[in-house]
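Note on naming: letters A, B, ... go to the chains in the order of the sequence lines (proteins, then strands), and numbering restarts at 1 for each one. Predicted model, so just to flag it, every value in this text is computed and none were measured.
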Amino acid sequence: MARIELKDVVKRYGGFTGVRRMDLDIADEEFLVLLGPSGCGKTTTMRMIAGLEVPSEGEVVIGGEVVNEVDARDRDVAMVFQGYALYPNMSIYENIRFPLRMRGIPKADQDRLIRRAAEMVELGDFLDRKPGALSGGQRQRAALARAVVRQPQVFLMDEPLSNLDAKLRSSMRVQIKHLQRQLKITTVYVTHDQIEAMTLADRIVIMEKGAIRQIGTPDEIYSDPADTFVAGFIGAPPMNLVEGLAENGRFAAPGLVVACPGGVSGRVTLGVRPEDCHVVGEGLAALEGRVYGVEPTGETTYLTLRTGETLFEVKAARDARFNLGDLVRIGFDPDRLCYFDTETGARLRVQPYRSVA
Amino acid sequence: MTHRKYDISRRRFLSASAAAGLAAGTGFRATPLFAQSDLPDPQSVLDRISVREYVRKDYQDLYNMSGEPLWDPATDWIRNVDWEKVRQEQAGKTVRFAVGAADQESAAEGLVPFEQLSGIKVELVPIPDDSFYDKAIAEFISGSASFDALQFFSPWLGDFAAPGFLAKLDDYAEKWNLPLGDFYDTYRLNYGYFGDKGLYGLPFDCDIQMVHLRKSLVEQVTGGPIDVANTVPTYDELIRITDELSKLGGNVAPIGLLGARGFWSTYSWEHIAAQCGMELFDENFEPILNSEAGQKGMDILLALSKNAIEGVSGAGWGENRAAWLGGQVATNISWQDSGTQAMRPDQSQIVGDFVTIYEPRVEGGRFAPPNIAGSTSCVAATSQNPEGAFLMLAFLTTSSIMAMNEANANGVAPGYRSVLNNPRLREVSQPAEVWSNSLDHAWCAPRIPGMFEMEQVLGNEINKAIVGQISGQEALENGNAAWRKIMEKNGFFSNRQIFDYAAVKDGVYMGAGKPLPFG
Amino acid sequence: MAAIDQTGGAAQAAPDRARPREKTLRRRSPALRRAFPYLLVAPAVIYLLGITLYPGAYAVYQSFYLVRFTEWIPVGFDNYVELAGDAEFWQAMLNTLLIGGIALTVECVIAMALAFFAYRDALIRGWRIAFLMPMLFMPSAVAFIWKLAFNDGRVISDLLRKLGLIEGNLDFLGNIWLARTTLIVADVWQWTPFLFIIFVAALQSQDQEVEEAARLDGASWPAIFWNISLPMIRPVIAVAVVLRGIDIMTMFTNVFILTKGTPGGMTETISYFIYRQGFQTFNFGYASAAAVVMLVITILAAQLVVKRAFKSGKT
Amino acid sequence: MAKRRKSKGDNLVLRYLVLGSWALFCLVPIVWFLSIGFRPRTEIITPTPIYWPTFSLDAWRLLLADWPIFDYLRNSVLAVTGSVVIDLILGIPAAYSLTRYEYRGRDDIGFYILSTRMMAPAIVAIPIFFLFRNLGLLDSVFALMLIYAAVNLSIVVWIIRSYMLDIPKELEDAARTDGAGDLRILWEIIIPACLPGIITASVIAAIFAINEFLFTLLIASTKNAYTMSVALANFTGGSDGVIYNAIALVSFLAFLPILVLIVLIQKHLSRGLTMGAVKG
């Protein structure tokens, strides 16, 4: 329901800078995920949008209005917290009712809204309980209900699923996504879990040390990383990054030689995703290494190869079987290779990238 | 607090008179007191101030009291003053009376007869007992005390009179014929007059220090019935007796005395040293505590304290009283009320087993029973109605009411000759006879500014001597030095000195040249 | 997810949208935002300043005067100079440290020993209530209990005599160390539970796994207690001892009722000294000087000890 | 192995011997003192202690007949309750400010509040008396409320502060985004969430207030303001000496409500006693 803009936003705590000069434009009804390791400033960014923190510099704009000095209570945003933040002294019903009460929604409408929100998250039978009497997943849904009930302009979710077990997490993901699509509410979602980010986001913002490293759709982020940080952060296992030297259309590193575009030269880092590596016969190989570890996951088998000092991850066929120490030869999809400036980590855009899509 | 005894004695007096007040008040209380015409006939009120109404029923029975006055109606002020004249001048006026906290209610009731007699409305200004001195001072300092009259520990008289906190009462005493002559001189001079500056107080609780013996125990040593004058003729004999008593066993200590820090120890020393002929000051007001007589008194005190009950170094009046009434000691040096109160069966285990004797003498000394403490009644200098306040105090200290306090054994002692010489009173107060005979010889420390502080400081030193930390001589020397410093602080030895020693000398010792009261 | 499907799509949800009454966005000035926490804490601070700053300043002011009723004679630092040379003042200091120090040590040792035995005991609630009782009495009443037992009622002497330990009665007020002992016993009796309760709570709230691990390693309980449990609750011990220490160093009631400083001032504490100078000999200026010295010591102790104890105690 | 399992130093006999003796040491004086309340005065102080005295209700009679004990009780209840209310009104916002906001001087303010707990009453007694006198508040229950509140405010702030620190910040953020203002968050979220702390602080403050002696003595002078603890002073001197049986009774009358309060907050006691520094 609202577009959110961050303009040159900086947040400092004493001498420490939490967020550096951030520019971000979140479209109406977009589902944006802030992703990054802990301490990267993603939560601070969200809290500035919520109004829980005041930017040291810059402007936060929601729905076209600068809201820097507007209290959280007046921004019409709803937030879901990692620890659920249900009011322990109130029943679930009262919890969900709280934002309605605060906003002066007529009593007559409250009950209907509450029940509808509870139904949306399948909590209709638990309204009389206190939060303490609910399971983790139920509490999470109660928190969601409390956020949805008043249909705010903006949803903010701060790692809402991180306290749930893996199975519950994946079902809740679907539920959240569904809700967002259904309600068409601009949503900012903070997580350090890339699966959540990839599955939920319209766009992902990757942050590190208070700065944005890349903004893009999940595909772009995954396949077309902007720098080594993003490359190394996204993907499980992440992209293999090998430092080497590029000269005359040839990239070379210990145990690895591959043809590279002519524009690439000097000290360069090669990036290649494990699934873009194939076990090949002699002669075709770009890389030779000894098997360091084998991880069959059922659907596939991950090989860790050791070549020189580097460990290299490869996704092999599900039935591939190797013994430790076996010599394995690997070939790459040449058009799925990424090159980065070793010095800066920045992507060297020398060739069009063949997207998966 | 420290002056504990005095504070609550007043309370007991007031609660004792409460019953009578209630009785007298019935039927009158409802009508306003201000209109003179509404006031009851004075005689009917006075008639109710009687033994039958005021003395505890159980004591009346216990001592077969006839209901006859315990005083001499001819000198009882309330029965001689012209109440009509009082009413003419005072009816409708108000007097504010500072009373100890807990007393408020009983005081109000006790003063109903006065309100009825005089037409004066009494308002009570409660002050907590435990900080009476400080609060009184605070009130005085403020320049407009919230009360007109108050009663306080007599050693404070100098402290309060010197800065001009108190009103002079000579004119009122004369105008209303206060029978000052009925007071024993020692009380009149030490509780009433401030040196040569005039009358500032009406004696209230008139204490004297005396020696008390347990008959059953002492007679085991002396081998015969106790004679109040001759069984313990000297302090040497008292020391000997306590030595003998210590061999008796039975968990009874030979002697109890006041050995606690502060003025308690001072009083015990003064008590004995006075017999030795000790004076506190020379003619120039220089303290001479460590005179030969002072030393001798100290030696005797220390010799006695060797046989004293355990805990004597912490014994103030309350502890001493408990030990005495509980039967823990065989002899006791304390106020006369140790005798009076020992007659209360509800509190005393030694009813009928004690006798209060004449002060033992000291060779080369004199017969000088000390009256050490007690309380006096005063009017504030800032009072709006000092005359009314005076009249109220005169009512409260009148001999008939004081006599009945004594009969009730509530610890508030009368200082009137007519009372203590009354044969009916002597029947209900064992010490009265010896006490009254002794008062003509009484010794008393002058009430000069700073005296209370001086007594406190000296007592701390004497306490050290009692527990053997310093010698008796050191204690007196330290005390002497401290006294001089405190006196300087209070303007002595300078042009601020308020009067010469001659002004208080007459009040110190009454017995000079008088024949002994016993054979 | 069935529920969501039933409620249908966005089309149905939109009209239901709960909108607050339209109003322009309220803005709060940064100044107010910054001032707000101060405004919250201000009433409490002002209130407390009233009972500390005002009396403190009053005492400092008065300490430069010789107070004789209405007369306040300025004497500069005379009161402090006199205090420095006042043997009774230093004796009171020493007494406070001795009596307080011994009582505090004894209380700690006993409380620790009791806690060691009690904290794993099934009857812990019972012990706690029983040990707690003395603490729930009015301190002045407790002082009277012991006054009666030690001195007035001769009970302790009688019991010791029955045990054959003494003959006659002990003079608990006449002997320096017996008198101090009465104060110590009275304080230990009433306040050991304070430490006990805190120690037990601390011991119970620590991680049991560590103790169990040590036990599997073959350590005895005393060894575990001494080497593992105690160090783990050290911050708690610090806080408890500091709090108890504050109270014990301002000991007054027991002195006032039990000994009045006898024999010869050897049980007089600083609080009692101030009281005696102020309320018994009416040297208000001098008493204020002593109070100021005590105040300075208090502030120093607060800065040096209490602050640290409470910092480390913050868990 | 069997020997090893009975761990060294875990001797049950020793344990119960030690704990039992201390329990006796705690309880015997109390029982004995209670017995004092039911003796005649003449059997309290005697040459040799009497252990099996005559039963007597003298002290009760004295208490009920001579003293307006119910006025004292009323004053105690009013003054204590009032002071706790003042403490909560002042203390809860202060604790909230100290825990939920970051600002310059916060820790110093917090420590200042704590340090008022260390002030010896002897230092402030005289000026406080004059202060109340000038305010015309002497001998009123209101004055007692004010002074009790002041004496206990630091305790209340610190105990509540410790409980507030335990409340997740998220809860507050949630309320804020839900549309609640600072004061409403305090009222609807923080206060209910730290209710155990508030109760603990109230009980501890109430107990200290019930027992407060020195200031009460200075301020109260009649049954207008006399409380149970000062009622005790009625029996500690005067021409009747120390009336031990009445003291024993009064102290038990004050002890019983305290016992009830303490049992109520048993779980939080150690935390309360250490002003929140120890979580137990």
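The heavy-atom pair separating A302(C) from F111(D) by the smallest distance is O-CZ, 3.1 Å. Summarising the geometry of V155(C) relative to P49(D), their closest heavy-atom pair is CA-CG, 3.8 Å, with the distance given to 0.1 Å. Of all non-hydrogen atoms in W127(C) and A23(D), the two that sit nearest each other are CZ3-CB, 4.0 Å. Across all their heavy atoms, F144(C) and V242(D) have their closest contact at CE2-CG1, 3.7 Å. Shown here for Y47(C) and A149(D), the closest heavy-atom pair between the two residues is OH-CB, 3.7 Å. Shown here for L243(C) and L273(D), the closest heavy-atom pair between the two residues is CD1-O, 3.5 Å.
Shown here are the salt bridge (charged side-chain N to carboxylate O under 4.0 Å, His left out) partners of E212(D), two or more places apart in sequence or in another chain: there are none. Under the rule for a side chain to side chain donor-acceptor pair (under 3.5 Å), the partners of T52(C) that lie at least two apart in sequence or sit in another chain are Y112(D).
To the nearest 0.5 Å, atoms CE (M133(C)) and CG (L259(D)) are separated by 5.0 Å. Taken from CD1 in I247(D) to CE in M138(C), the straight-line distance is 9.5 Å, to the nearest 0.5 Å. To the nearest 0.5 Å, atom CG of residue L19(D) and atom CG of residue L123(C) are 9.0 Å apart. In this structure, CE in M118(D) is found 9.0 Å from OG1 in T298(C), a value given to the nearest 0.5 Å. L195(C) contributes atom CG, which lies 11.0 Å from atom OG1 of T274(D) (distance to the nearest 0.5 angstrom). Note that CG of L256(D) and CG of L136(C) are 10.5 Å apart. Values are rounded to the nearest 0.5 Å.
For R100(D), no part lies under 4.5 angstrom from a heavy atom of chain C. For a residue to count as touching a neighbouring chain, one of its non-hydrogen atoms must lie under 4.5 Å from one of that chain's; by this rule L261(D) does not touch chain C. Heavy atoms closer than 4.5 Å to chain D are found nowhere in R34(C), neither backbone nor side chain. Interface remark: I274(C) contributes side-chain atoms only to the contact with chain D (heavy atom separation under 4.5 Å). Using a 4.5 Å cut-off between heavy atoms, D121(C) touches chain D through backbone and side chain atoms alike. Heavy-atom distances place no part of I233(C) under 4.5 Å from chain D, backbone and side chain included. Using a 4.5 Å cut-off between heavy atoms, I109(D) touches chain C through its side chain atoms alone. Heavy atoms of L132(C) lying under 4.5 Å from chain D belong exclusively to its side chain. T192(C) touches chain D through its side chain: at least one heavy atom from C-beta onward sits under 4.5 Å away, while N, CA, C and O do not. Using a 4.5 Å cut-off between heavy atoms, V188(C) contacts chain D through both its backbone and its side chain. Using a 4.5 Å cut-off between heavy atoms, I36(D) contacts chain C through its side chain alone, with no backbone atom that close. Both the backbone and the side chain of V250(D) come within less than 4.5 Å of a heavy atom of chain C. For a residue to count as touching a neighbouring chain, one of its non-hydrogen atoms must lie under 4.5 Å from one of that chain's; by this rule R244(C) does not touch chain D. Only the side chain of F284(C) comes within less than 4.5 Å of a heavy atom of chain D; its backbone N, CA, C and O stay farther away. Using a 4.5 Å cut-off between heavy atoms, L98(D) contacts chain C through its side chain alone, with no backbone atom that close. With a 4.5 angstrom heavy-atom cutoff, A248(D) does not touch chain C via any of its atoms.
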Item to check | Derivation of the ring pair (Phe, Tyr, Trp, His ring centres under 6.0 Å) call for F117(C) and Y16(D) | outcome: CA-CA 8 Å; F117(C) 284 114; Y16(D) 285 103; 9.4 Å; no

Item to check | Verdict with reasoning, R120(C) to R15(D), per side chain to side chain contact (heavy atoms under 4.5 Å, CB included) | outcome: CA-CA 11 Å; R120(C) 283 174 287 111; R15(D) 178 195 288 186; 3.8 Å; yes

Item to check | Residue pair I51(C), V124(D): steps toward the side chain to side chain contact (heavy atoms under 4.5 Å, CB included) verdict | outcome: CA-CA 7 Å; I51(C) 62 142; V124(D) 292; over 6 Å; no

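Between the W189(C) side chain and the F25(D) main chain, a donor and an acceptor come within less than 3.5 Å of each other. Although no hydrogens or angles enter the test, the distance criterion places a donor-acceptor pair under 3.5 Å between the side chain of R154(C) and the main chain of P47(D). In this structure, Y58(C) contributes its side chain and I128(D) its backbone to no donor-acceptor pair below 3.5 Å. Looking at S97(D), its side chain does come within 3.5 Å of a backbone N or O of P37(C) through a donor-acceptor pair.
Between V18(D) and F116(C) there is no side-chain heavy-atom pair separated by less than 4.5 Å. Using a 4.5 Å cut-off on side-chain heavy atoms (C-beta onward), P55(C) and L131(D) make no contact. Residues R106(D) and V41(C) are not in side-chain contact: their nearest non-hydrogen atoms beyond the backbone lie 4.5 Å or more apart.
Between chain C and the options Y96(D), Y101(D), F252(D), heavy-atom pairs under 4.5 Å are most frequent for Y101(D). Ranking S154(D), G20(D), P29(D) against chain C, the residue ahead of the rest is P29(D), based on heavy-atom pairs under 4.5 Å. When each of L148(C), L295(C), I129(C) is checked for heavy-atom pairs under 4.5 Å with chain D, L148(C) comes out on top. Between chain D and the residues G56(C), G278(C), A149(C), A57(C), the largest count of heavy-atom pairs under 4.5 Å involves A149(C). Of the listed residues (I86(D), I50(D), L114(D)), the greatest number of heavy-atom pairs within a distance under 4.5 Å of chain C belongs to L114(D). Ranking A118(C), A59(C), A42(C), P193(C) against chain D, the residue ahead of the rest is A118(C), based on heavy-atom pairs under 4.5 Å. Highest contact tally toward chain C, considering only S162(D), A254(D), A150(D), is held by A150(D) [criterion: heavy-atom pairs under 4.5 Å]. The candidate with the highest count of non-hydrogen atom pairs below 4.5 Å against chain D, out of T250(C), I197(C), L48(C), I246(C), is L48(C).
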